[in-house]
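Basis for what follows: all heavy atoms, side chains included, without hydrogens, waters or symmetry-related copies. Atoms within a ligand are numbered from 1 in the order they appear, just like the ligands themselves.
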Amino acid sequence: MSNSSAIKLAGLRDFESAACTKLSREIYDYFSGGANNEITISENDRAYDRIKLRPRILQGVRERDTSVMILEESLSTPICIAPTAFHCLAHKEGELATVKAAVKANAIMMVSMASTVAMEEIALVAKNNSEGLTPKLWFQLYIQPDRELTKLFVKRAEDAEYSALVVTVDSPVFGMRDRDIRNNFHELPDGLSLKNFDSIKSNSSVRPTLEFNSGLTWKDIDWLRSITKLPIFIKGVLCGEDAQLAIQHGVDGIIVSNHGGRQLDTLPATIDVLPEIANAVEHKIPIIIDGGIRRGTDVVKALALGADAIAVGRPILWGLAVNGEQGVCTVLKMLQEELTLAMALCNCSSIKEIKKSLLYSIL
Ligand SMILES: Cc1cc2nc3c(=O)[nH]c(=O)nc-3n(C[C@H](O)[C@H](O)[C@H](O)COP(=O)(O)O)c2cc1C
């Protein structure tokens with residue numbers, strides 16, 4: 001915190017309370033809220049509390065190694081940044097502050113197609129970090145009805161050296177968010193825009209607007225597979241059958257996500273559907289999970305139930321709102337330290353040791 005007299009923040013949820021005091025009601029509600037009655041948000045929040053840990057004792061574990069491999073990438077932490085739109089609503093530096101923190105934490109940042117800084121600028125700032133660290137940037141793509149526009153985005157991601165594509169498939173249409181309706185919040189304030197689209201306005205062969213695409217099928221994934229060598233992650237998988245189809249269609253990884261409860265309401269918590277998906281995937285491709293992860297013990301539970309890594313969405317926005325780059329650094333560091341602490345208390349020396357046997361049977 002920049003202000004030393006400020007109240008100490010003891011966890012990611014404290015960041016939400018602190019961010020709430022910094023943001024306007026409309027913006028706080030836009031970030032925090034979800035679809036309809038927000039049943040899925042509360043499921044995501046509560047599901048981790050229902051799962052209980054079952055540690056072993058006297059294992060003589062003196063050190064903890066949190067590194068993981070995702071595809072060919074070696075990461076010092078299984079904690080990733082989920083793609084979220086409009087970071088400039090949280091802080092004036094927006095995605096640039098987030099990416100600087102991500103690079104410092106050696107964490108994967110999935111950059112939203114709906115960013116308020118252009119994807120090239122984000123990549124450039126990441127690359128030019130003073131410590132010479134290698135950024136780990138993935139680009140989140142909504143496949144557009146216009147294939148030429150989609151192709152253009154894939155080419156831009158390749159040119160800017162993003163190392164994977166995250167294709168979000170849980171949004172055939174825009175979810176209905178009651179808080180935004182009540183607040184009449186439906187567009188970005190003056191001065192902010194979807195920067196990725198601004199730069200293509202002069203090109204008349206494509207329509208430069210972000211559209212959701214309800215006509216998508218697995219054929220579109222095959223097409224995407226055919227036009228790029230970048231690894232493809234499908235975000236929004238919620239059942240075993242779709243995970244198997246993803247593998248059959250040459251997808252490199254999946255993200256188990258209910259979009260943080262912002263699209264279809266009354267979906268179950270992602271952690272509750274993870275075992276079914278892990279069972280179907282049989283370790284053939286990596287699984288990342290997001291939704292409601294707020295504590296190191298939540299990370300342990302997700303890994304124990306079959307995830308290879310996890311991602312956080314809102315906590316990053318809260319960190320940004322509270323203190324820009326430094327706030328995001330603190331959020332990532334806190335979760336990482338909590339993970340290490342939870343591993344220590346569970347007597348696990350490495351991520352590989354976090355297995356289902358670390359949980360009391362819940363299923
Ligand atoms: C304000 C906000 C904006 C989001 N924007 C996107 C987006 O542009 N693309 C996307 O794939 N997911 C988006 N998501 C969903 C997140 O990637 C992620 O699935 C979700 O936030 C995870 O849940 P958590 O916030 O409980 O950690 C957004 C979520 C929030 C809260």
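Contacts between Met113 and ligand 1, counted as non-hydrogen atom pairs separated by less than 4.0 Å, are absent for every part of the residue. Contact annotation for Gln263 and ligand 1: no heavy atom of the residue comes within less than 4.0 Å of the ligand. The side chain of Ser257, and not its backbone, has at least one atom closer than 4.0 Å to an atom of ligand 1 (non-hydrogen atoms only; side chain from C-beta on). Residue Thr84 touches ligand 1 through backbone and side chain together, judged by heavy-atom distances below 4.0 Å. Heavy atoms of Lys235 found under 4.0 angstrom from ligand 1 belong exclusively to the side chain. Residue contacts with ligand 1 for His259 involve both N, CA, C or O and side-chain atoms from C-beta outward (heavy atoms, distance under 4.0 Å). If you look at Asn44 next to ligand 1, there are no close heavy atoms at all, none under 4.0 Å. Of all the heavy atoms of Phe86, none lies under 4.0 Å from any atom of ligand 1, so neither backbone nor side chain is involved.
At least one heavy atom of Leu317 sits closer than 4.0 Å to an atom of ligand 1.
The OG1 atom of Thr116 lies 6.0 Å from the CG atom of Leu192; values are rounded to the nearest 0.5 Å.
Under a 4.0 Å N-O distance rule, the pair Lys8/Asp14 does not qualify as a salt bridge.
Between the side chains of Thr40 and Asn258, not a single donor N or O lies within less than 3.5 Å of an accepting N or O.
Within 6.0 Å of the CZ atom in Arg147, the count of heavy atoms belonging to other residues, nucleotides or ligands exceeds 12.
For atom 7 (C) of ligand 1, the nearest non-hydrogen atom from the set Tyr30, Trp318, Phe31, Tyr142 comes from Tyr142.
Annotation: side chain of Glu161 is in contact with side chain of Lys127 (closest heavy-atom distance under 4.5 Å).
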